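Below you'll find the structure I mean.
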Amino acid sequence: QEQFVESGGGLVQPGGSLRLSCVVSGNTANISAIGWYRQAPGKQREVVAVVSNGGITRYADSVKGRFTISRDNAQNMVWLQMDSLKPEDTAVYFCNSLLRVGLGNARWGQGTQVTVSS
């Protein structure tokens, strides 16, 4: 099974930007869709952005127009560019296979903490 390792989080002021990276061990070309997810304290994990193998993207309404997901199968990498960050974006961010998450057999990495605060 593929493994996902996230990085790039940190503390940023409201309105700031961060770029998250996800390294996938294994061949990302074999993964049909990869998503970025986040989990805030006391809340369930939610999907924020998805990119298909062909580069088609979808976003949660809460991040539409502010976040951009991209992937490079040759590098086995997925990124999440986050702009105009808000305090409510504070969460631990994870990446994973959309299919495995849906099937309930996804293995989760440690994620990367994003904190938006002044």
Side-chain angles (χ1 to χ4, degrees):
Q1 190 177 55
E2 309 86 3
Q3 289 185 323
F4 299 83
V5 180
E6 306 87 355
S7 64
L11 172 64
V12 63
Q13 292 186 343
S17 298
L18 282 174
R19 189 187 194 213
L20 306 184
S21 298
C22 173
V23 179
V24 186
S25 66
N27 190 349
T28 56
N30 293 331
I31 306 173
S32 58
I34 297 174
W36 278 98
Y37 301 78
R38 68 186 180 188
Q39 187 167 20
K43 295 187 176 181
Q44 288 192 335
R45 187 152 27 205
E46 61 174 352
V47 59
V48 295
V50 175
V51 58
S52 73
N53 207 349
I56 297 172
T57 58
R58 289 185 288 129
Y59 299 91
D61 287 343
S62 59
V63 306
K64 203 171 292 184
R66 301 188 297 118
F67 289 11
T68 303
I69 188 172
S70 59
R71 70 190 281 175
D72 186 327
N73 290 338
Q75 297 186 56
N76 294 333
M77 294 285 297
V78 184
W79 297 274
L80 185 68
Q81 176 67 41
M82 306 187 297
D83 299 315
S84 302
L85 282 161
K86 304 175 180 180
E88 51 263 43
D89 294 319
T90 295
V92 181
Y93 284 71
F94 305 85
C95 57
N96 215 311
S97 158
L98 195 70
L99 176 62
R100 291 203 180 275
V101 173
L103 291 175
N105 64 359
R107 292 178 185 174
W108 295 95
Q110 291 190 335
T112 186
Q113 175 71 49
V114 171
T115 303
V116 185
S117 175
S118 55

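Bear in mind the structure is a predicted one, so any value in this text is a computation, not a measurement. Residue numbers run from 1 in the order of the sequence given.
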query = So, do R66 and D89 sit near enough that their side-chain heavy atoms are less than 4.5 Å apart?
reply =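 The answer is yes, as the side chains (C-beta and beyond) meet within the 4.5 Å cut-off.
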query = So if you build clusters from Ile, Leu, Val, Met, Phe, Trp, Tyr with side-chain heavy-atom gaps below 4.5 Å, do V92 and V63 land together?
reply =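 In one cluster: no.
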Steps toward side-chain contact (heavy atoms from CB on, under 4.5 Å) verdict (V23, M77) = CA-CA 5 Å; V23 179; M77 294 285 297; 3.4 Å; yes
inquiry  = Just so I know, are the side chains of W36 and V78 near enough to count as touching, which here means a heavy-atom distance under 4.5 Å?
reply    =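 Yes, at least one pair of side-chain atoms sits under 4.5 Å.
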query = So, R38 and Y93: side-chain donor and acceptor under 3.5 Å apart, yes or no?
reply =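 The answer is yes; a qualifying pair exists.
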ask   = How about L85 and F67: do any of their side-chain heavy atoms sit closer than 4.5 Å?
value =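 Yes. Closest side-chain heavy atoms under 4.5 Å.
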message = Please list all pairs meeting disulfide (SG to SG under 2.5 Å) that have one or both residues in residues 41-80, counting only residues at least two apart or in different chains.
response =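 Sorted result for residues 41-80: empty, none.
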ask   = Excluding sequence neighbours, so at least two apart, what forms side chain to side chain donor-acceptor pair (under 3.5 Å) with R58?
value =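 Applying side chain to side chain donor-acceptor pair (under 3.5 Å) to R58 gives none.
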query = Would S17 and D83 count as having a side-chain donor-acceptor pair, cut-off 3.5 Å?
reply =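 Yes, side-chain donor-acceptor contact under 3.5 Å.
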request  = Applying ring pair (Phe, Tyr, Trp, His ring centres under 6.0 Å) between Y37 and each of W108, F94, F4, report the one that passes.
outcome  =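 The residue from W108, F94, F4 that satisfies ring pair (Phe, Tyr, Trp, His ring centres under 6.0 Å) with Y37 turns out to be W108.
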key: Euclidean distance, M82 CE relative to L18 CG, rounded to 0.5 Å   =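 L18 atom CG to M82 atom CE measures 4.5 Å (nearest 0.5 Å).
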task = Provide the full list of disulfide (SG to SG under 2.5 Å) pairs with a residue in residues 44-118, sequence neighbours left out, each pair given once.
result =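 Found C22-C95.
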ask   = So D72 and W79, side-chain contact (heavy atoms from CB on, under 4.5 Å) or not? Walk me through it.
value = CA-CA 9 Å; D72 186 327; W79 297 274; 3.6 Å; yes
ask   = Hey, is CD on E46 packed in by over 12 heavy atoms from elsewhere, all under 6.0 Å?
value =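 Above 12, so yes.
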request  = Give the intermediate values and the outcome of side-chain contact (heavy atoms from CB on, under 4.5 Å) for residues Q3 and V24.
outcome  = CA-CA 6 Å; Q3 289 185 323; V24 186; over 6 Å; no
message = When you group the ILVMFWY residues by side-chain heavy-atom contacts below 4.5 Å and let the links chain together, are I69 and L98 in the same group?
response =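 No, L98 does not connect to I69 through the hydrophobic network.
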ask   = Would Y59 end up clustered with I34 when hydrophobic side chains under 4.5 Å apart are linked, directly or stepwise?
value =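 Yes, Y59 connects to I34 through the hydrophobic network.
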inquiry  = Other residues, nucleotides and ligands only: do more than 12 of their heavy atoms fall within 6.0 Å of CD on Q113?
reply    =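 Counting neighbours around CD of Q113, more than 12 heavy atoms of other residues, nucleotides or ligands fall under 6.0 Å, so yes.
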query = With the threshold set at 4.0 Å, does a side-chain nitrogen-carboxylate oxygen contact exist between D61 and K64?
reply =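 Yes.
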inquiry  = Could you check whether any side-chain N or O of N73 sits under 3.5 Å from a backbone N or O of N76, counting only pairs where one atom can act as donor and the other as acceptor?
reply    =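 Looks like no, no N/O pair under 3.5 Å.
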query = Does CD1 belonging to I56 count more than 12 external heavy atoms closer than 6.0 Å?
reply =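 No, CD1 of I56 has 12 or fewer neighbouring heavy atoms, counting only those of other groups under 6.0 Å.
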ask   = Looking only at atom types and distance, does a side-chain atom of T112 sit under 3.5 Å from a main-chain N or O of G9, one as donor and one as acceptor?
value =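 Flag set: sc T112 to bb G9 pair under 3.5 Å.
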inquiry  = Please give me the minimum heavy-atom distance between A49 and L80, naming the atom from each residue.
reply    =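 Scanning both residues, the minimum pair turns out to be CB-CD1, 4.0 Å.
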message = Working note: S7 + L20, criterion side-chain contact (heavy atoms from CB on, under 4.5 Å); need CA distance, chi angles, decisive distance, verdict.
response = CA-CA 6 Å; S7 64; L20 306 184; over 6 Å; no
inquiry  = Could you report the tightest heavy-atom contact between V50 and A33, atom names first, then the distance?
reply    =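 Smallest heavy-atom distance, with atoms named: CG1-CB, 4.0 Å.
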query = Minimum heavy-atom separation for P14 to S118, with atom names?
reply =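 Here P14 and S118 meet closest at CD-N, 3.7 Å.
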key: E2 and R107 ion-paired at < 4.0 Å   =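 Answer for the salt bridge query: no.
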query = When rounded to the nearest 0.5 angstrom, what is the spacing between CZ in R100 and OG in S32?
reply =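 So the gap between those two atoms works out to 10.5 Å.
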